[in-house]
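The sequence lines fix the lettering, A, B, ..., with proteins before strands; numbering per chain opens at 1. Note that this is a predicted model, so its numbers are computed, not measured.
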Protein chains: 4
Amino acid sequence: MLEELKEIVYQQNLELPKRGLIKYTWGNVSQVDREKQLFVIKPSGVDYDQMTAADMVVCDFDGNVVEGHYRPSSDMPTHAKLYKYFEEIGGIVHTHSPWAVVWSQAGKDVPALGTTHADTFYGAVPCARFLTQEELDTGYEAETGTVIVETFKDRQLNPVEVPGILLQGHGPFTWGKDAEDAVMHAVVLEEVCKMNFFTRQLNPESPDLPQHILDKHYQRKHGKNAYYGQN
Amino acid sequence: MLEELKEIVYQQNLELPKRGLIKYTWGNVSQVDREKQLFVIKPSGVDYDQMTAADMVVCDFDGNVVEGHYRPSSDMPTHAKLYKYFEEIGGIVHTHSPWAVVWSQAGKDVPALGTTHADTFYGAVPCARFLTQEELDTGYEAETGTVIVETFKDRQLNPVEVPGILLQGHGPFTWGKDAEDAVMHAVVLEEVCKMNFFTRQLNPESPDLPQHILDKHYQRKHGKNAYYGQN
Amino acid sequence: MLEELKEIVYQQNLELPKRGLIKYTWGNVSQVDREKQLFVIKPSGVDYDQMTAADMVVCDFDGNVVEGHYRPSSDMPTHAKLYKYFEEIGGIVHTHSPWAVVWSQAGKDVPALGTTHADTFYGAVPCARFLTQEELDTGYEAETGTVIVETFKDRQLNPVEVPGILLQGHGPFTWGKDAEDAVMHAVVLEEVCKMNFFTRQLNPESPDLPQHILDKHYQRKHGKNAYYGQN
Amino acid sequence: MLEELKEIVYQQNLELPKRGLIKYTWGNVSQVDREKQLFVIKPSGVDYDQMTAADMVVCDFDGNVVEGHYRPSSDMPTHAKLYKYFEEIGGIVHTHSPWAVVWSQAGKDVPALGTTHADTFYGAVPCARFLTQEELDTGYEAETGTVIVETFKDRQLNPVEVPGILLQGHGPFTWGKDAEDAVMHAVVLEEVCKMNFFTRQLNPESPDLPQHILDKHYQRKHGKNAYYGQN
């Protein structure tokens with residue numbers, strides 16, 4: 001089932017090492033079929049060299065495996081939660097890309113310091129809190145999803161406008177309209193984390209991008225008056 | 001029209017990812033035909049893998065599209081302004097190369113700390129101010145060009161001697177006698193931004209290159225007594 | 001003798017430059033045959049381009065060469081000591097990978113700041129002290145092994161749970177159930193050293209990973225309740 | 001003349017971009033024929049893609065071109081001086097490799113913080129002073145050689161034991177028994193400059209390598225009791 005989607009998810013998982021976002025199997029990509037309420041995700045810990053599209057695993061939004069000869073990524077329940085609660089997203093990526101991990105380990109939101117950021121993220125990318133012992137006992141990966149949803153709610157953020165988050169002490173999750181879009185957001189977030197780190201080292205007083213320029217750049221690429229690209 | 005120029009501009013756009021200056025479509029290169037008062041530039045947001053020389057767009061110095069089946073780069077009006085006011089330049093490059101972005105986001109001029117800098121830029125590379133709300137309303141990209149020209153005028157800089165600038169919160173523009181030259185200047189600026197960042201971290205008191213050595217290195221490569229290379 | 005093991009050790013030595021851990025011949029990998037109480041290691045200072053599996057050297061746990069037409073790696077006596085005293089390990093790697101060297105030269109333990117660390121190392125990776133003049137006189141490389149063993153004993157660390165160490169002023173040793181596992185640990189340690197450096201620069205107060213999350217991540221991948229991967 | 005030497009020098013120049021030490025034509029390698037008192041060096045500013053072994057230029061120790069259809073590297077007179085005064089060296093390399101430039105621009109000697117350093121450089125690598133206006137007027141490149149020789153004399157350093165130097169505000173020169181050896185020393189110096197920068201950032205109090213370990217590592221690879229490698 002969902003053969004076409006498996007092929008897409010397989011290809012987008014291969015993008016992670018190709019774009020320098022992961023080593024070994026330290027990441028996972030999924031994409032959803034909103035009509036069937038199912039998503040396809042990478043299997044857990046399988047070598048990229050040996051993995052095929054047929055090895056992808058089909059799951060539902062409650063975190064059950066619907067089809068697959070392998071176990072899904074151990075982070076699958078996080079993806080399930082996000083598809084359930086962020087109804088407009090179509091693809092999800094998790095990595096341990098180094099610069100996003102640096103900000104995650106430092107426990108800091110990624111400020112919007114420049115237009116590279118503003119072209120994709122409409123404001124700072126939040127860093128979610130550590131999970132509690134109780135949440136770990138309930139179910140680490142599903143509760144991670146819950147904490148992400150809670151963070152967006154608490155901060156009144158729109159997951160379409162801010163398509164990503166950091167998990168303290170862990171790393172980034174990004175999402176988008178499909179898996180390819182989510183991978184691109186993972187690349188942008190990694191680049192922004194790198195550039196913002198050095199910016200703040202060079203000038204600890206470097207200002208956030210002024211609101212009017214943030215608005216301009218985000219709207220140049222997104223929304224009804226967008227004029228970037230060919231569409 | 002301008003088929004030869006389209007081929008050159010196409011090839012030089014491909015140099016940007018090849019030289020590690022951009023990811024995805026985050027940059028653009030143009031070259032001018034001074035006789036015809038037209039320039040050729042990359043189309044907006046088209047995948048490098050699928051782009052051909054025939055997809056390049058021809059524009060005039062007032063920012064009108066003269067020929068092309070695609071929209072030009074959204075930064076096209078900036079290029080138009082620069083060709084109009086910097087009459088000696090032949091090619092322009094814009095990127096989001098990370099180290100130049102770091103200095104842009106920090107809002108700092110790039111000091112001339114070494115001979116790598118002095119071989120190409122005769123003195124510090126300026127960082128232009130943020131645009132105002134009013135300028136955004138007038139036309140973001142064209143006004144960006146105006147601010148670049150204004151910065152060179154205010155600081156009494158010669159765009160031939162200092163072939164590049166940073167835009168605060170955004171990234172670098174470089175230029176040269178043609179597109180290839182402008183790309184090389186983008187590479188030099190990126191390398192200099194990286195080396196100068198670490199130099200100042202290693203020794204916050206590291207001095208600017210003494211004026212007599214700056215003069216020597218710049219003149220070794222440029223002007224009537226140049227003796228570097230084979231010409 | 002041990003032809004199969006030689007092939008494995010040869011292949012894993014080639015992984016070092018491929019994974020960006022070494023330049024030239026600045027590293028070595030070995031793997032043990034516990035039944036025969038012998039291990040196979042790379043020869044000293046032989047170009048990777050010209051090296052073959054047949055050039056690998058067979059040694060015993062007292063640091064004697066048992067077979068080989070080349071001298072073994074000059075660090076061979078360190079490997080011998082580790083196989084002798086860490087009875088559960090099957091493969092060893094030594095490199096001068098830059099980020100691990102940075103922490104070694106700084107003389108600092110690598111703290112467990114994130115889950116990338118916790119997936120492999122159950123707690124901080126220790127940095128062992130400089131050797132004394134007396135130890136150098138006794139035998140530099142063998143005494144290096146002794147100091148590693150002593151460090152684990154003094155700190156009551158389990159070499160299976162913390163499969164690596166830094167040597168002050170020098171670089172990392174890692175180990176694992178076989179050579180491939182030890183190489184993976186060398187990659188993880190290098191990545192963690194890089195990310196932790198920048199984390200502490202970004203936020204000097206960035207906390208250690210809370211104990212309950214360290215436990216969770218380590219146990220998700222190791223031990224009897226592990227559920228990562230397909231086994 | 002010297003066809004074999006031209007081939008060697010050509011090949012070693014190609015190593016510079018391959019090993020990530022230079023961009024474009026920002027470096028040069030030479031090797032000497034001590035019997036004939038001549039050396040072969042790269043031509044100035046010729047594209048590496050188009051350069052052939054036959055394009056190499058033959059010069060003497062007074063900086064005269066003896067044979068060649070191209071102008072030699074503009075740094076040729078520096079090489080000439082070094083061959084003249086450092087009688088034991090056989091090959092020379094100059095680059096603008098970024099980490100060595102960082103230390104050069106900061107005007108700082110590179111301390112011996114670790115064994116990677118001690119395996120090649122017996123003590124700190126000095127940073128020579130800026131040239132004066134008078135020296136520039138006398139002849140920039142030849143006087144650069146004079147300042148290098150002066151620095152080694154003043155500090156009582158042996159160019160065989162410390163096969164390299166930094167020029168303030170410029171970059172590194174390294175040398176060795178032949179061009180290949182000099183290239184390897186350029187790679188080591190670049191790596192050491194990178195690692196030492198981050199070491200001092202991580203721990204501003206990180207100590208120099210103790211003298212007895214510096215001695216041990218240098219002598220393990222050099223001199224009559226060396227036991228590293230196969231010779």
Side-chain angles (χ1 to χ4, degrees), chain A residues 20 22-27 43-47 50-51 55 57 68-76 94-108 110 127 129-137 139-141 143-144 166-171 193-194 196-198 200-201 204, chain C residues 15 18-21 97-99 110-120 124 176 180-181 183-222 225-231:
Chain A
I22 65 165
K23 295 177 185 289
Y24 297 103
T25 60
W26 307 351
S44 181
V46 175
D47 245 15
Q50 288 157 26
M51 198 167 66
D55 296 334
V57 185
H69 47 271
Y70 277 131
R71 273 191 235 165
S73 164
S74 55
D75 297 311
M76 180 271 286
H94 171 53
T95 77
H96 286 215
S97 66
W99 289 103
V101 168
V102 164
W103 285 80
S104 303
Q105 293 188 159
K108 282 180 173 290
V110 185
C127 182
R129 64 170 173 79
F130 285 124
L131 269 67
T132 63
Q133 178 68 61
E134 200 182 351
E135 286 164 336
L136 290 199
D137 295 342
Y140 175 46
E141 294 83 4
E143 289 305 289
T144 296
L166 304 178
L167 305 174
Q168 185 162 10
H170 190 159
C193 284
K194 179 173 85 173
N196 287 8
F197 171 83
F198 290 112
R200 282 283 159 92
Q201 294 274 315
Chain C
E15 285 291 298
K18 210 172 120 192
R19 297 213 173 254
L21 295 176
S97 66
W99 289 103
V110 185
L113 299 184
T115 61
T116 315
H117 187 119
D119 284 339
T120 298
E180 185 183 2
D181 204 37
V183 169
M184 191 173 73
H185 296 166
V187 172
V188 174
L189 181 56
E190 179 66 3
E191 189 77 355
V192 162
C193 284
K194 179 172 86 174
M195 298 193 302
N196 287 7
F197 171 83
F198 290 113
T199 299
R200 282 282 159 92
Q201 294 274 313
L202 180 59
N203 180 5
E205 312 301 319
S206 41
D208 277 17
L209 197 64
Q211 187 66 38
H212 64 285
I213 300 181
L214 179 68
D215 291 348
K216 177 68 187 177
H217 263 267
Y218 187 75
Q219 287 156 9
R220 195 166 84 141
K221 281 207 170 178
H222 305 270
N225 294 317
Y227 58 93
Y228 183 91
Q230 302 299 332
N231 306 310

Applying a strict 4.5 Å limit to non-hydrogen atoms, the region of A:Trp103 in contact with chain C is both
Please state whether the side chain, the backbone, both or neither of C:His217 comes within less than 4.5 Å of a heavy atom of chain A. side chain
C:Gln219, CD: over 12 other non-hydrogen atoms inside 6.0 angstrom: yes
In terms of heavy-atom proximity below 4.5 Å to chain C, should A:Glu141 be classed as side chain, backbone, both, or neither? side chain
Closest non-hydrogen atom pair between C:Gln230 and A:Arg71, with its separation: OE1-N, 3.0 Å
Would you mind checking which part of C:Val192 comes under 4.5 Å of any heavy atom in chain A, side chain (CB onward), backbone (N, CA, C, O), both or neither? neither
Measure the spacing between OH of A:Tyr24 and CD of C:Glu191 and express it to the nearest 0.5 Å. 10.5 Å
Given C:Asn203, C:Leu202, C:Val187, C:Leu113, the one with more heavy-atom pairs under 4.5 angstrom with chain A than any other is C:Leu202
Select one option (side chain, backbone, both, neither) describing which atoms of C:Gln201 are under 4.5 Å from chain A's heavy atoms. both
Would you check, one step at a time, whether the test side chain to side chain contact (heavy atoms under 4.5 Å, CB included) holds for C:Phe197 with A:Val102? CA-CA 9 Å; C:Phe197 171 83; A:Val102 164; over 6 Å; no
From the list A:Ser104, A:Gly45, A:Pro98, the residue making the most non-hydrogen contacts under 4.5 Å with chain C is A:Pro98
Taking atom CD of A:Gln133 and atom CD of C:Gln211, what is their separation to the nearest 0.5 Å? 10.0 Å
Quick check on C:Asn196 against chain A: is it the side chain, the backbone, both or neither that has a heavy atom closer than 4.5 Å? both
Between atom OG1 of C:Thr199 and atom NZ of A:Lys108, what is the distance when rounded to the nearest 0.5 Å? 11.5 Å
Atom CD of A:Gln168 and atom OG1 of C:Thr115: how far apart are they, to the nearest 0.5 Å? 11.5 Å
So, do C:Leu209 and A:Phe130 sit near enough that their side-chain heavy atoms are less than 4.5 Å apart? yes
Contact summary for C:Ser206 and A:Ala106, nearest pair of heavy atoms: CB-CA, 3.8 Å
When only pairs under 4.5 Å are counted, which of C:Lys194, C:Lys216, C:Arg220 shares the most heavy-atom pairs with chain A? C:Arg220
Donor-acceptor pair, distance only, cut-off 3.5 Å: does the side chain of C:His212 make one with the backbone of A:Glu134? no
